[in-house]
Amino acid sequence: MFETLTESLGSFFSKIGAKGRKITETDVKEGLRTVRMALLEADVALPVVKTFMDKVGEKAVGQAVLESVQPQEQLVKIVHDELIDLMGGGEAQLVLQNQGPTIIMMCGLQGSGKTTTTAKLANRLKAKGRKPLLVAADLQRPAAVAQLKVLGEDLDVPVFSESGVSPPDVCVHAVAHAKQTGRDIVLLDTAGRLHIDDDLMKELETVQQRTQPHEILLVVDAMVGQDAVQSAKEFDARLPISGVILTKLDGDARGGAALSVKHVTGKPIKFVGVGEKLDRLEEFHPERMATRILG
Amino acid sequence: LLVGRKLGEAECDELRATLIGADLGPRLAEDLVDKAQGAFKDRAIESADQIAQFLKAEVKKQFPPQDSAPRFADEAPTVILIVGVNGSGKTTTTAKLAHFYKQQGQKVLLAAADTFRAAAVEQLTLWSERVGVEIVKGQQGAKPDSVAYTACEKALAQKFDLLLIDTAGRLHNKKNLMDELEKITRVIKKKVPSGPHEVLLVLDGTTGQNAVRQAEVFTGGAGVTGLVITKLDGTAKGGAVLAMRSEVEVPVKWIGLGEQMTDLKPFDADSFLDAIFG
Ligand SMILES: Nc1nc2c(ncn2[C@@H]2O[C@H](COP(=O)(O)OP(=O)(O)OP(=O)(O)O)[C@@H](O)[C@H]2O)c(=O)[nH]1
Ligand SMILES: Nc1nc2c(ncn2[C@@H]2O[C@H](COP(=O)(O)OP(=O)(O)OP(=O)(O)O)[C@@H](O)[C@H]2O)c(=O)[nH]1
Ligand SMILES: [Mg+2]
Ligand SMILES: [Mg+2]
C-alpha cells in the first residue's frame with residue numbers, strides 16, 4: 001500500500017464530488033472500509049478492528065465529515081484521534097518504590113527482545129541514579145546467562161546468576177542478594193515461552209507469587225501479527241501484567257500489535273525498543289504510533 | 001444459511017475471520033472469499049463445509065513439492081547461509097539443520113558468523129557441542145565475512161559435506177546490514193564459486209504482514225532460495241507466507257516446531273495448509 005490512507009480516501013471522496021453530488025452517510029461507510037483495510041494490513045487483530053471501527057463509525061457519520069470540504073482529512077483525524085485515545089492512558093512510567101528494592105519481571109514469547117530490553121532498562125535506571133541488579137533467570141536457552149552477563153559488563157551493572165536451582169529460586173535469591181548489597185532495582189530476565197506451554201506459564205506464576213514484582217512487563221515484538229491477541233490475552237490472564245514494551249520499532253513493521261495488545265490487556269505501553277544498542281529505548285508516544293499504524 | 005447459489009454473509013464472515021486470523025492479510029482473505037463464492041455459484045462446491053477443502057486445494061498449487069526440496073552442491077561442500085531479522089530463530093535453526101544432516105551421515109561444519117551480538121558465538125558453540133559437530137568462530141572483533149571465508153577454507157580442506165553459516169539478526173530496512181550480507185555472499189564465492197547453494201530466510205511464524213516486506217528485501221538483497229518458518233508450535237499459523245506469494249516466490253523448505261534440535265520438519269504443504277484452513 002504505497003498510497004497513504006488520506007490519499008486513497010481523498011481520491012475516493014473526490015470521485016463522488018466530481019459526480020456533482022454531496023457526500024452521504026453511505027459514502028462515509030464505504031470510506032470506512034478503506035480504513036478497516038489499512039488497520040488489517042497494519043496487523044491490528046481482526047476482533048480489535050471490529051470494535052474499533054464500531055466506535056469510529058458512530059463519530060464518522062457526524063456532521064464534521066459530511067460537511068467538510070476535505071472529508072478524507074476529517075475522517076482520518078477521527079481515526080487518528082481514536083487510536084491515540086485507545087493506546088494512550090494508564091501509568092506510562094515505571095512505578096519505582098521508595099522503600100526496598102523495586103522488582104521488575106520481564107516476560108514474553110521467544111525472541112521478542114526480553115534480554116536486550118532488560119539490559120536497556122538497567123541502563124536507563126542507572127542513568128537516573130538508581131542501582132539496578134540484573135538477574136539471569138533464563139536457565140533454558142544456551143548461553144542466555146552469558147548473554148546477560150556480557151550486557152551487564154558493558155553497562156557496569158552487576159548480574160546475579162546461580163546454577164543448579166530453578167528459575168523461581170534464582171529470582172528469590174536475587175532479591176535477597178539485592179537487599180544485602182544495596183541494589184534498589186531487581187530486573188528479572190526470564191526465558192521466552194509459549195503462552196500455551198502450561199508448565200512454563202506456571203513457572204512464571206511461581207516467580208510472581210514468590211517475588212511479588214512491582215512491575216511485570218510483557219515484551220512484544222512490533223512485527224507480530226494476529227497472534228498478538230492470543231498471546232497477550234493468556235499472559236494477562238495468568239499474571240498481573242502492569243505494562244508492555246514494544247520492541248524492534250526501528251524496523252518497518254506498521255506495529256498494529258500495539259493496538260491489539262493495549263486493547264485486550266488494557267495495560268499501558270511503557271517503552272519502545274528502537275535498536276539493538278542498549279541506549280535504544282524510548283518512551284511510548286501514542287500519537288507517533290497512531291501515525292505509523294495508519295501508514 | 002445457504003441463500004440460493006450464494007454463500008451467506010455469516011459463512012463469508014467466518015471464512016474471512018479464519019483467513020485473516022491466520023495472517024493471510026485482508027486482501028488475500030478477500031480474494032479467497034471471492035473464489036469460494038465463485039466456486040459455490042459454479043457448483044464446484046455444494047456446501048459450506050466443502051469450502052476449506054476447495055480453498056486448500058487451490059492454494060496448494062502454489063507449493064509444488066519439488067520446490068521445497070533442499071538444494072545441494074554438485075560437489076562438496078554445500079554451503080548454506082542462514083539469514084533473517086532479529087530473534088526469528090536462526091541460531092536454533094542452524095543447530096537443528098546440523099543435527100538433521102548429521103543424522104543422515106553427512107560431515108557437517110558450523111560457522112559462527114554473528115560476531116556482533118552478546119554471547120552469539122557462545123550460543124552456537126554450545127549447540128555445536130550438543131549436536132556433535134565442529135564449529136569455526138572468529139577472533140574477538142572478527143568480521144562476519146572473514147569467519148565465513150575461514151569456514152569455507154576449512155570445509156574445502158577437510159572435505160566437509162555441508163557448511164552451515166549462522167549470521168546476525170538484521171532488520172531489512174537497515175541498508176548497511178543488508179550490504180554486509182551481500183559482502184558475506186561475495187566472500188563465500190571467492191572460496192566456493194558456486195556457493196552459497198542455499199540461502200535460508202528464517203521467518204518467525206508469529207510475524208504479520210511485515211513478513212512480505214522481509215521476503216522482498218532479503219530475496220532482492222541476499223538471494224534467498226528458501227524459507228524456514230519457525231515457532232509454529234505456538235498458536236500462530238504462519239499465513240503471511242501465503243500473503244507474500246503475490247510479491248515474491250520463495251519456496252518454504254523447513255518448519256520449526258520447538259526449541260530442541262529435533263524440532264525441525266521438512267515443509268509439508270498439506271499439514272501447513274490444514275492448520276490454516278481447518
Ligand atoms: N533492531 C532491534 N533489535 C532488537 C531490539 N530489541 C531486541 N533486539 C534484537 O532481537 C534479538 C532477540 O533479542 P533477545 O533480547 O535475545 O530476545 P529474548 O526475548 O531475550 O529472546 P529469548 O530469551 O530467546 O526468548 C537480538 O538480536 C536483539 O539484539 C530492538 O528494539 N531493535
Ligand atoms: N517455540 C519455539 N521457539 C523457537 C523456535 N525456533 C527458535 N525458537 C526460540 O526463539 C528464540 C530465539 O532463537 P535464536 O535462535 O536465538 O534466534 P536468532 O534468529 O538466532 O536471534 P538473533 O541472532 O538474536 O537475531 C530462542 O529462545 C529459541 O529457543 C521454534 O521453532 N519454536
Ligand atoms: Mg532472552
Ligand atoms: Mg542468532
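- To the nearest 0.5 angstrom, A:Ser112 atom OG is 9.5 Å from B:Asp204 atom CG.
- Counting heavy-atom pairs closer than 4.5 Å to chain B, the top-ranked of the candidates A:Ala257, A:Gly251, A:Ala146 is A:Gly251.
- With a 4.5 Å cut-off on non-hydrogen atoms, B:Val85 touches chain A through its side chain but not through its backbone.
- A:Thr247 OG1 to B:Asn86 CG: the interatomic distance, rounded to the nearest 0.5 Å, is 9.0 Å.
- A salt bridge links A:Glu41 to B:Arg27: at least one charged side-chain nitrogen sits closer than 4.0 Å to a carboxylate oxygen.
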Under 3.5 Å, which donor-acceptor pairs link side chains of residues 197-204 of chain A to any protein atom two or more places apart or in another chain?
residue: A:Asp197; atom: OD1; partner: A:Asp199; partner atom: N; Å: 3.3
residue: A:Asp197; atom: OD1; partner: A:Leu200; partner atom: N; Å: 3.2
residue: A:Asp198; atom: OD1; partner: A:Arg238; partner atom: NH1; Å: 2.8
residue: A:Asp198; atom: OD1; partner: A:Arg238; partner atom: NH2; Å: 3.0
residue: A:Asp198; atom: OD2; partner: A:Lys202; partner atom: NZ; Å: 2.6
residue: A:Glu203; atom: OE1; partner: A:Arg193; partner atom: NH1; Å: 3.1
residue: A:Glu203; atom: OE1; partner: A:Arg193; partner atom: NH2; Å: 3.4

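- For A:Lys267, the NZ atom counts as densely surrounded, since its 6.0 Å shell holds more than 12 non-hydrogen atoms of other residues, nucleotides or ligands.
- Contacts of A:Leu40 with chain B are made by both backbone and side-chain atoms, with heavy-atom separations under 4.5 Å.
- Qualifying salt bridge (Lys or Arg N to Asp or Glu O under 4.0 Å) partners for B:Glu134, counting only residues two or more places apart in sequence or in other chains: B:Lys154.
- Here the CG atom belonging to A:Asp221 is positioned 6.5 Å from the OG1 atom belonging to B:Thr207, to the nearest 0.5 angstrom.
- Residues of residues 163-171 of chain B lying under 4.5 angstrom from chain A, judged on non-hydrogen atoms, are B:Gly169, B:Leu171 by number.
- We find the OG-CE distance between B:Ser88 and A:Met223 to be 8.0 Å, quoted to the nearest 0.5 Å.
- For B:Glu30, no part sits under 4.5 Å from any heavy atom of chain A, backbone or side chain.
- Remark: A:Asp250 engages B:Lys174 in a salt bridge, criterion side-chain N to carboxylate O under 4.0 Å.
- By the 6.0 Å contact criterion, NZ on B:Lys56 is enclosed, its count of non-hydrogen atoms from other residues, nucleotides or ligands being greater than 12.
- For the residue pair A:Leu151 and B:Ala118, the shortest heavy atom distance occurs at CD2-CB, 3.8 Å.
- The neighbour count for B:Glu182 CD, taken as heavy atoms of other residues, nucleotides or ligands under 6.0 Å away, is above 12.
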CA sep, side-chain torsions, deciding dist, call: B:Gln209, A:Arg254, side chain to side chain contact (heavy atoms under 4.5 Å, CB included): CA-CA 9 Å; B:Gln209 298 308 298; A:Arg254 297 263 290 275; over 6 Å; no
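- Taking every heavy atom of both residues into account, A:Ala143 and B:Ala119 meet most closely at O-CB, 3.9 Å.
- Contact count versus chain A (heavy atoms, under 4.5 Å) is highest, among B:Arg117, B:Arg130, B:Glu122, for B:Arg117.
- Ranking B:His172, B:Gln214, B:Arg16, B:Lys237 against chain A, the residue ahead of the rest is B:His172, based on heavy-atom pairs under 4.5 Å.
- With hydrogens and angles left out, the side-chain atoms of A:Asp252 and B:Asn210 include a donor and acceptor closer than 3.5 Å.
- Of the two parts of B:Glu259, only the side chain, counted from C-beta on, holds a non-hydrogen atom closer than 4.5 Å to a non-hydrogen atom of chain A.
- Most heavy-atom pairs under 4.5 Å with chain B: of the set A:Leu194, A:Val150, A:Asp43, A:Thr115, this distinction falls to A:Asp43.
- Here the straight-line distance linking atom CG of A:Leu109 with atom OG1 of B:Thr206 works out to 6.5 Å at 0.5 Å rounding.
- If you check the side chains of A:Gln147 and B:Gln123, you find no donor sitting under 3.5 Å from an acceptor.
- The contact between A:Glu276 and chain B is made entirely by side chain atoms (from C-beta outward), counting heavy-atom distances below 4.5 Å.
- Side-chain N/O atoms of A:Asp227 and B:Thr235 include a donor and acceptor closer than 3.5 Å.
- Residues meeting the side chain to side chain contact (heavy atoms under 4.5 Å, CB included) test with A:His263, sequence neighbours left out: A:Val48, A:Thr51.
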